[in-house]
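Basis for what follows: all heavy atoms, side chains included, without hydrogens, waters or symmetry-related copies. Just so you know, ligand 1 is whichever comes first in the structure, and atom 1 is the first atom listed for that ligand. Position 1 is the first residue of the sequence, and the numbers go up from there.
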Amino acid sequence: MSGLYLHIPFCKQACSYCDFYFVTSQQYKQPFVDELIKEIRSRKDTRFAAEKVRTIYFGGGTPSLLSAGQVHQILEAISETFPLELEEVTFEMNPDDVTVDYLNDLKKTGINRASMGVQSTDPDLLNFMHRAHTSEEALQCLELLHLSKFEVFTVDLIYGNPGQTITSLERDLDIILGYNPQHVSAYSLTIEPRTRLGKQVELGRIVPPEDDTIATHYDVVEKTLRAAGILQYEVSNFARPGDEAIHNSNYWEHANYLGFGPGAHSFWWETSGRAGKRWSNEKKLRSYLNGSWNSPYAEELLELPALAEERLMLGLRTRKGISEDTLQEKYEVSFSPAQTEYLHRMEQQGKVITGNRIQLTTKGLKIADTILLDLLTI
Ligand code: SF4
(Lines give C-alpha, C1' and ligand atoms only; values in the text may rest on other atoms or scores of the structure.)
Protein backbone atom coordinates (compact mmCIF):
# COMPACT_ATOMS: atom_id res chain seq x y z
CA MET A 1 0.00 0.00 0.00
CA SER A 2 1.32 3.42 -0.86
CA GLY A 3 0.41 7.10 -0.52
CA LEU A 4 0.31 10.04 -2.90
CA TYR A 5 1.25 13.63 -2.08
CA LEU A 6 0.23 16.53 -4.35
CA HIS A 7 2.00 19.85 -3.91
CA ILE A 8 -0.23 22.78 -4.92
CA PRO A 9 2.23 25.69 -5.02
CA PHE A 10 -0.06 28.74 -4.89
CA CYS A 11 -0.55 31.15 -1.98
CA LYS A 12 -2.28 34.51 -1.74
CA GLN A 13 0.62 36.04 0.16
CA ALA A 14 3.82 34.93 1.89
CA CYS A 15 3.42 34.11 5.58
CA SER A 16 6.40 35.57 7.43
CA TYR A 17 7.67 32.22 8.81
CA CYS A 18 7.08 29.95 5.82
CA ASP A 19 9.81 28.21 3.85
CA PHE A 20 7.63 25.81 1.86
CA TYR A 21 7.73 26.22 -1.89
CA PHE A 22 4.99 28.50 -3.24
CA VAL A 23 4.35 31.35 -5.67
CA THR A 24 1.97 34.26 -5.02
CA SER A 25 0.94 34.75 -8.64
CA GLN A 26 -2.29 32.92 -9.48
CA GLN A 27 -1.73 33.14 -13.21
CA TYR A 28 -0.77 29.56 -13.96
CA LYS A 29 -3.28 27.53 -11.96
CA GLN A 30 -4.94 25.71 -14.87
CA PRO A 31 -1.65 25.09 -16.74
CA PHE A 32 -0.32 23.70 -13.44
CA VAL A 33 -3.32 21.36 -13.03
CA ASP A 34 -2.84 20.18 -16.63
CA GLU A 35 0.87 19.49 -16.01
CA LEU A 36 0.15 17.79 -12.68
CA ILE A 37 -2.27 15.48 -14.45
CA LYS A 38 0.40 14.70 -17.04
CA GLU A 39 2.86 13.86 -14.28
CA ILE A 40 0.31 11.60 -12.55
CA ARG A 41 -0.57 9.81 -15.79
CA SER A 42 3.14 9.26 -16.56
CA ARG A 43 3.16 6.66 -13.75
CA LYS A 44 0.52 4.48 -15.42
CA ASP A 45 1.66 0.88 -15.92
CA THR A 46 4.92 1.45 -14.02
CA ARG A 47 6.03 -0.41 -10.91
CA PHE A 48 4.81 2.61 -8.89
CA ALA A 49 1.27 1.85 -9.98
CA ALA A 50 1.43 -1.80 -8.93
CA GLU A 51 0.62 -1.08 -5.27
CA LYS A 52 -2.81 -0.01 -4.11
CA VAL A 53 -3.01 3.60 -3.00
CA ARG A 54 -4.34 3.99 0.50
CA THR A 55 -3.96 7.74 1.13
CA ILE A 56 -3.91 10.94 -0.91
CA TYR A 57 -2.77 14.26 0.54
CA PHE A 58 -3.28 17.67 -1.10
CA GLY A 59 -0.70 19.98 0.52
CA GLY A 60 1.10 23.15 -0.41
CA GLY A 61 1.06 26.06 -0.81
CA THR A 62 -2.71 26.36 -0.60
CA PRO A 63 -4.77 23.60 -2.21
CA SER A 64 -7.97 25.56 -1.47
CA LEU A 65 -6.96 28.04 -4.17
CA LEU A 66 -7.99 25.34 -6.66
CA SER A 67 -11.62 25.03 -7.67
CA ALA A 68 -13.51 21.86 -6.73
CA GLY A 69 -13.65 21.15 -10.49
CA GLN A 70 -9.85 21.17 -10.71
CA VAL A 71 -9.62 18.89 -7.66
CA HIS A 72 -12.05 16.53 -9.37
CA GLN A 73 -9.89 16.48 -12.54
CA ILE A 74 -6.81 15.58 -10.47
CA LEU A 75 -8.58 12.81 -8.56
CA GLU A 76 -9.97 11.43 -11.78
CA ALA A 77 -6.44 11.21 -13.26
CA ILE A 78 -5.32 9.41 -10.10
CA SER A 79 -8.14 6.88 -10.26
CA GLU A 80 -7.33 6.16 -13.92
CA THR A 81 -3.65 5.62 -13.12
CA PHE A 82 -3.46 3.81 -9.78
CA PRO A 83 -5.40 0.97 -8.18
CA LEU A 84 -7.13 2.55 -5.20
CA GLU A 85 -8.11 1.28 -1.81
CA LEU A 86 -8.53 4.71 -0.26
CA GLU A 87 -8.85 5.16 3.46
CA GLU A 88 -7.98 8.84 3.66
CA VAL A 89 -8.01 11.80 1.26
CA THR A 90 -6.79 14.96 2.98
CA PHE A 91 -7.11 18.48 1.67
CA GLU A 92 -5.34 21.48 3.22
CA MET A 93 -7.30 24.71 3.16
CA ASN A 94 -7.06 28.24 4.44
CA PRO A 95 -9.97 29.92 6.22
CA ASP A 96 -10.33 32.76 3.72
CA ASP A 97 -11.12 30.34 0.86
CA VAL A 98 -13.88 28.33 2.49
CA THR A 99 -17.61 28.59 1.86
CA VAL A 100 -20.43 26.08 2.48
CA ASP A 101 -20.68 25.39 -1.25
CA TYR A 102 -16.93 24.85 -1.59
CA LEU A 103 -16.88 22.34 1.29
CA ASN A 104 -19.89 20.50 -0.13
CA ASP A 105 -18.32 20.36 -3.59
CA LEU A 106 -15.00 19.11 -2.18
CA LYS A 107 -16.81 16.40 -0.25
CA LYS A 108 -18.42 15.24 -3.50
CA THR A 109 -14.98 14.84 -5.13
CA GLY A 110 -14.03 12.23 -2.50
CA ILE A 111 -12.11 14.34 0.02
CA ASN A 112 -12.86 12.92 3.48
CA ARG A 113 -10.42 14.82 5.70
CA ALA A 114 -10.23 18.62 5.82
CA SER A 115 -7.11 20.23 7.21
CA MET A 116 -7.54 23.86 8.19
CA GLY A 117 -4.59 26.22 8.60
CA VAL A 118 -6.03 28.38 11.39
CA GLN A 119 -2.65 28.89 13.18
CA SER A 120 -4.20 31.38 15.63
CA THR A 121 -7.41 33.26 16.25
CA ASP A 122 -5.59 36.28 17.72
CA PRO A 123 -5.77 39.22 15.24
CA ASP A 124 -2.35 40.58 16.32
CA LEU A 125 -0.63 37.22 15.87
CA LEU A 126 -2.30 36.62 12.51
CA ASN A 127 -1.04 40.00 11.46
CA PHE A 128 2.44 39.29 12.82
CA MET A 129 2.56 36.00 10.88
CA HIS A 130 1.28 37.84 7.77
CA ARG A 131 -1.51 35.33 7.33
CA ALA A 132 -4.05 36.12 4.62
CA HIS A 133 -7.06 35.40 6.84
CA THR A 134 -8.64 37.39 9.66
CA SER A 135 -9.69 36.15 13.07
CA GLU A 136 -13.36 36.37 12.00
CA GLU A 137 -12.68 34.21 8.94
CA ALA A 138 -10.95 31.61 11.12
CA LEU A 139 -14.01 31.39 13.42
CA GLN A 140 -16.46 31.31 10.55
CA CYS A 141 -14.51 28.54 8.87
CA LEU A 142 -14.34 26.46 12.06
CA GLU A 143 -18.11 26.78 12.32
CA LEU A 144 -18.54 25.63 8.71
CA LEU A 145 -16.24 22.66 9.27
CA HIS A 146 -18.05 21.75 12.47
CA LEU A 147 -21.33 21.67 10.56
CA SER A 148 -19.85 20.02 7.45
CA LYS A 149 -20.11 16.37 6.47
CA PHE A 150 -16.35 15.68 6.65
CA GLU A 151 -15.61 12.55 8.65
CA VAL A 152 -12.56 14.22 10.18
CA PHE A 153 -11.33 17.75 10.27
CA THR A 154 -8.02 18.83 11.66
CA VAL A 155 -6.88 22.26 12.74
CA ASP A 156 -3.30 23.58 12.53
CA LEU A 157 -2.14 25.75 15.38
CA ILE A 158 1.18 27.54 15.95
CA TYR A 159 2.63 28.22 19.40
CA GLY A 160 5.93 29.71 20.54
CA ASN A 161 5.32 32.92 18.57
CA PRO A 162 7.32 35.96 19.67
CA GLY A 163 4.95 38.00 21.83
CA GLN A 164 2.41 35.18 22.21
CA THR A 165 1.13 34.95 25.78
CA ILE A 166 -0.16 31.88 27.61
CA THR A 167 -3.54 33.61 27.87
CA SER A 168 -3.67 34.07 24.11
CA LEU A 169 -2.67 30.43 23.51
CA GLU A 170 -5.29 29.20 26.00
CA ARG A 171 -7.90 31.31 24.27
CA ASP A 172 -6.94 29.80 20.88
CA LEU A 173 -7.25 26.29 22.29
CA ASP A 174 -10.60 27.08 23.97
CA ILE A 175 -12.01 28.50 20.75
CA ILE A 176 -10.78 25.60 18.62
CA LEU A 177 -12.07 22.99 21.08
CA GLY A 178 -15.46 24.71 21.01
CA TYR A 179 -15.82 23.38 17.44
CA ASN A 180 -15.00 19.82 18.43
CA PRO A 181 -12.21 18.91 15.96
CA GLN A 182 -11.14 15.26 15.81
CA HIS A 183 -7.52 16.17 15.22
CA VAL A 184 -5.13 19.07 15.97
CA SER A 185 -1.61 19.64 14.65
CA ALA A 186 0.27 22.05 16.92
CA TYR A 187 3.66 23.29 15.77
CA SER A 188 6.21 25.31 17.60
CA LEU A 189 7.11 28.26 15.37
CA THR A 190 10.42 27.53 13.68
CA ILE A 191 12.56 30.43 12.60
CA GLU A 192 13.88 29.59 9.14
CA PRO A 193 16.76 31.74 7.90
CA ARG A 194 15.40 32.47 4.41
CA THR A 195 12.04 33.81 5.57
CA ARG A 196 10.93 37.33 6.44
CA LEU A 197 10.79 36.33 10.10
CA GLY A 198 14.29 34.81 9.90
CA LYS A 199 15.66 38.09 8.48
CA GLN A 200 13.93 40.16 11.17
CA VAL A 201 15.45 37.95 13.86
CA GLU A 202 18.87 38.18 12.20
CA LEU A 203 18.62 41.99 12.18
CA GLY A 204 17.67 41.95 15.86
CA ARG A 205 14.23 43.47 15.20
CA ILE A 206 12.45 40.48 16.70
CA VAL A 207 13.62 38.42 19.64
CA PRO A 208 12.52 34.76 19.56
CA PRO A 209 10.96 33.36 22.73
CA GLU A 210 13.18 31.57 25.25
CA ASP A 211 13.22 27.74 25.22
CA ASP A 212 11.47 27.73 28.62
CA THR A 213 8.60 29.77 27.23
CA ILE A 214 8.22 27.39 24.29
CA ALA A 215 8.29 24.42 26.68
CA THR A 216 5.52 26.03 28.75
CA HIS A 217 3.44 26.58 25.58
CA TYR A 218 3.97 22.91 24.67
CA ASP A 219 2.72 21.84 28.13
CA VAL A 220 -0.37 24.03 27.83
CA VAL A 221 -1.19 22.56 24.40
CA GLU A 222 -0.65 18.95 25.47
CA LYS A 223 -2.58 19.23 28.76
CA THR A 224 -5.49 21.19 27.33
CA LEU A 225 -5.96 18.83 24.40
CA ARG A 226 -5.58 15.75 26.61
CA ALA A 227 -8.28 17.07 28.96
CA ALA A 228 -10.54 17.32 25.90
CA GLY A 229 -9.80 13.71 24.87
CA ILE A 230 -7.47 14.70 22.01
CA LEU A 231 -4.32 12.74 22.69
CA GLN A 232 -0.77 13.22 21.52
CA TYR A 233 0.33 10.49 19.10
CA GLU A 234 3.34 12.32 17.66
CA VAL A 235 5.37 15.30 18.84
CA SER A 236 3.16 17.77 16.94
CA ASN A 237 0.02 15.73 16.34
CA PHE A 238 -3.00 15.08 18.54
CA ALA A 239 -6.18 13.13 17.82
CA ARG A 240 -9.20 11.49 19.30
CA PRO A 241 -8.38 7.76 19.44
CA GLY A 242 -9.05 6.28 16.00
CA ASP A 243 -8.75 9.63 14.17
CA GLU A 244 -4.94 9.70 13.84
CA ALA A 245 -3.72 10.71 10.35
CA ILE A 246 -2.89 7.70 8.20
CA HIS A 247 -0.93 9.54 5.51
CA ASN A 248 1.64 11.04 7.88
CA SER A 249 1.94 7.77 9.79
CA ASN A 250 2.98 6.19 6.49
CA TYR A 251 5.90 8.63 6.26
CA TRP A 252 6.95 7.77 9.80
CA GLU A 253 6.81 4.07 9.03
CA HIS A 254 8.72 4.30 5.74
CA ALA A 255 5.83 3.25 3.52
CA ASN A 256 6.25 3.91 -0.20
CA TYR A 257 4.89 7.22 -1.43
CA LEU A 258 4.96 9.33 -4.57
CA GLY A 259 4.97 13.12 -4.61
CA PHE A 260 3.68 15.18 -7.54
CA GLY A 261 4.14 18.89 -8.23
CA PRO A 262 7.10 21.27 -7.86
CA GLY A 263 9.36 20.44 -4.92
CA ALA A 264 7.42 17.26 -4.05
CA HIS A 265 9.43 14.35 -2.60
CA SER A 266 8.97 10.63 -3.24
CA PHE A 267 10.27 7.55 -1.48
CA TRP A 268 10.23 3.99 -2.75
CA TRP A 269 11.85 0.82 -1.47
CA GLU A 270 14.10 -1.03 -3.89
CA THR A 271 12.80 -4.51 -4.70
CA SER A 272 15.66 -6.04 -2.67
CA GLY A 273 14.20 -4.42 0.48
CA ARG A 274 17.76 -3.45 1.41
CA ALA A 275 17.70 0.16 0.22
CA GLY A 276 15.24 2.89 -0.65
CA LYS A 277 15.34 5.74 -3.12
CA ARG A 278 14.28 9.28 -2.28
CA TRP A 279 13.92 11.89 -4.99
CA SER A 280 12.29 15.24 -5.53
CA ASN A 281 11.06 17.54 -8.27
CA GLU A 282 12.67 20.92 -8.80
CA LYS A 283 11.12 23.70 -6.71
CA LYS A 284 10.30 25.93 -9.65
CA LEU A 285 6.85 26.31 -11.17
CA ARG A 286 8.17 27.60 -14.49
CA SER A 287 10.40 24.59 -15.12
CA TYR A 288 7.70 22.25 -13.77
CA LEU A 289 5.34 23.60 -16.44
CA ASN A 290 8.03 22.79 -19.00
CA GLY A 291 8.11 19.16 -17.90
CA SER A 292 11.08 19.16 -15.46
CA TRP A 293 9.21 16.46 -13.49
CA ASN A 294 10.25 14.02 -16.24
CA SER A 295 13.63 13.60 -14.55
CA PRO A 296 14.30 13.75 -10.81
CA TYR A 297 15.95 16.98 -9.68
CA ALA A 298 17.58 15.45 -6.62
CA GLU A 299 17.89 11.74 -5.95
CA GLU A 300 19.59 9.67 -3.29
CA LEU A 301 19.87 5.98 -2.59
CA LEU A 302 19.56 5.22 1.11
CA GLU A 303 21.10 1.98 2.34
CA LEU A 304 19.75 0.10 5.36
CA PRO A 305 21.94 1.82 8.03
CA ALA A 306 20.80 5.30 6.93
CA LEU A 307 17.19 4.13 6.73
CA ALA A 308 17.44 2.54 10.19
CA GLU A 309 18.61 5.82 11.68
CA GLU A 310 15.80 7.69 9.98
CA ARG A 311 13.19 5.13 11.07
CA LEU A 312 14.40 5.38 14.64
CA MET A 313 14.17 9.17 14.56
CA LEU A 314 10.70 9.17 13.03
CA GLY A 315 9.43 6.26 15.13
CA LEU A 316 10.55 7.70 18.45
CA ARG A 317 8.75 10.94 17.72
CA THR A 318 5.51 8.93 17.78
CA ARG A 319 3.72 7.71 20.90
CA LYS A 320 3.67 4.21 19.39
CA GLY A 321 7.47 4.23 19.27
CA ILE A 322 9.33 1.50 17.46
CA SER A 323 9.77 -2.18 18.15
CA GLU A 324 13.20 -3.72 18.45
CA ASP A 325 11.93 -6.60 16.27
CA THR A 326 11.15 -4.18 13.42
CA LEU A 327 14.61 -2.65 13.73
CA GLN A 328 16.22 -6.07 13.58
CA GLU A 329 14.05 -7.72 10.94
CA LYS A 330 13.58 -4.84 8.52
CA TYR A 331 16.72 -2.76 9.11
CA GLU A 332 19.13 -5.36 10.51
CA VAL A 333 20.19 -3.19 13.45
CA SER A 334 19.96 -3.51 17.20
CA PHE A 335 20.88 -1.16 20.01
CA SER A 336 24.49 -1.13 21.19
CA PRO A 337 25.14 -1.79 24.94
CA ALA A 338 25.75 1.97 25.38
CA GLN A 339 22.42 2.83 23.71
CA THR A 340 20.57 0.24 25.81
CA GLU A 341 22.13 1.65 28.96
CA TYR A 342 21.14 5.19 27.90
CA LEU A 343 17.54 4.10 27.24
CA HIS A 344 17.32 2.51 30.68
CA ARG A 345 18.65 5.67 32.25
CA MET A 346 15.98 7.66 30.43
CA GLU A 347 13.39 5.13 31.62
CA GLN A 348 14.40 5.75 35.23
CA GLN A 349 13.83 9.45 34.61
CA GLY A 350 10.32 8.71 33.27
CA LYS A 351 11.15 9.80 29.71
CA VAL A 352 11.24 6.44 27.93
CA ILE A 353 9.40 3.12 28.17
CA THR A 354 11.48 0.10 27.16
CA GLY A 355 10.37 -3.45 26.44
CA ASN A 356 9.69 -4.92 23.05
CA ARG A 357 8.76 -1.42 21.91
CA ILE A 358 10.78 1.66 22.74
CA GLN A 359 8.45 4.57 23.38
CA LEU A 360 8.88 8.10 24.63
CA THR A 361 6.54 9.28 27.38
CA THR A 362 4.92 12.74 27.34
CA LYS A 363 7.92 13.96 29.30
CA GLY A 364 10.26 12.33 26.75
CA LEU A 365 8.38 13.62 23.69
CA LYS A 366 8.87 17.14 25.01
CA ILE A 367 12.64 16.71 24.55
CA ALA A 368 12.47 14.14 21.73
CA ASP A 369 15.14 15.86 19.64
CA THR A 370 17.65 15.82 22.52
CA ILE A 371 16.99 12.15 23.29
CA LEU A 372 17.35 11.22 19.62
CA LEU A 373 20.57 13.13 19.25
CA ASP A 374 22.00 11.48 22.36
CA LEU A 375 20.91 8.05 21.19
CA LEU A 376 22.41 8.41 17.74
CA THR A 377 25.71 9.92 18.84
CA ILE A 378 26.41 7.89 21.99
S1 SF4 B 1 -0.38 29.76 3.28
FE2 SF4 B 1 0.87 28.01 4.03
S3 SF4 B 1 2.26 27.52 2.35
FE4 SF4 B 1 1.38 29.54 1.90
S5 SF4 B 1 2.89 31.00 2.68
FE6 SF4 B 1 1.39 30.66 4.32
S7 SF4 B 1 2.21 28.95 5.57
FE8 SF4 B 1 3.32 28.99 3.61
Side-chain angles (χ1 to χ4, degrees), residues 5-29 32-33 36 57-67 70-71 74 90-99 102 106 111 113-142 145 153-162 164 172 176 183-201 206 208 236-237 245 247-248 251 259-265 280-285 288:
Y5 172 79
L6 304 145
H7 190 81
I8 314 300
F10 302 99
C11 291
K12 283 187 187 159
Q13 62 190 48
C15 300
S16 64
Y17 55 89
C18 178
D19 81 337
F20 292 130
Y21 175 67
F22 63 90
V23 295
T24 48
S25 158
Q26 311 296 311
Q27 207 184 344
Y28 294 105
K29 275 196 287 199
F32 163 75
V33 171
L36 185 72
Y57 193 103
F58 286 81
T62 313
S64 52
L65 288 174
L66 296 183
S67 68
Q70 288 169 322
V71 175
I74 296 167
T90 304
F91 193 84
E92 286 183 354
M93 47 184 94
N94 278 344
D96 41 320
D97 301 323
V98 172
T99 61
Y102 187 60
L106 279 182
I111 308 286
R113 187 170 181 274
S115 172
M116 181 61 59
V118 170
Q119 318 308 356
S120 175
T121 61
D122 181 323
D124 292 338
L125 285 180
L126 289 173
N127 203 17
F128 171 77
M129 291 189 277
H130 203 235
R131 295 286 301 176
H133 68 270
T134 61
S135 175
E136 290 74 31
E137 282 168 329
L139 300 189
Q140 194 186 9
C141 171
L142 284 165
L145 277 177
F153 75 89
T154 173
V155 178
D156 283 358
L157 180 72
I158 292 182
Y159 62 89
N161 244 310
Q164 186 176 23
D172 275 349
I176 287 169
H183 189 286
V184 175
S185 296
Y187 301 99
S188 162
L189 185 77
T190 316
I191 295 166
E192 303 289 351
R194 281 172 309 174
T195 59
R196 189 154 92 160
L197 179 63
K199 298 219 166 62
Q200 285 168 317
V201 169
I206 288 174
S236 309
N237 286 285
H247 186 83
N248 285 347
Y251 292 149
F260 298 100
H265 287 255
S280 64
N281 286 343
E282 189 178 2
K283 287 183 183 176
K284 208 176 203 180
L285 181 59
Y288 183 77

Do the side-chain N and O atoms of N237 and S185 include a donor-acceptor pair separated by under 3.5 angstrom? yes
Got a second to check how far C141's SG is from M93's CE, nearest 0.5 Å? 7.5 Å
Just how far is it from atom OG of S188 to atom OH of Y159, taken to the nearest 0.5 Å? 5.0 Å
Where Y5 and G60 come nearest, the two heavy atoms and their spacing: OH-N, 3.5 Å
Do the ring planes of Y251 and H247 sit parallel (below 30°), tilted (30 to 60°) or perpendicular (above 60°)? perpendicular
Check the angle between the aromatic planes of F91 and F58 and answer parallel, tilted or perpendicular using the 30° and 60° thresholds. tilted
For atom 1 (S) of ligand 1, what's the nearest protein heavy atom and its distance? N94 ND2, 3.4 Å
H130 to ligand 1, any heavy atom closer than 4.0 Å: no
Within a distance under 4.0 Å of any heavy atom of R131, pick out the atoms of ligand 1 and give their elements. 1 (S), 6 (Fe), 7 (S)
One finds that the ligand 1 atoms under 4.0 Å from a non-hydrogen atom of Q13 are 5 (S)
Residues pairing under side-chain hydrogen bond (donor to acceptor under 3.5 Å, both in side chains) where one sits in residues 117-133, two or more places apart or in two chains, turn out to be Y17-R131, N94-R131, S120-D172, T121-D172, D122-S168
So what's near atom 8 (Fe) of ligand 1, protein N, O or S atoms under 2.8 Å? C18 SG
Counting only heavy atoms not in K284, do more than 12 fall under 6.0 Å of its NZ? no
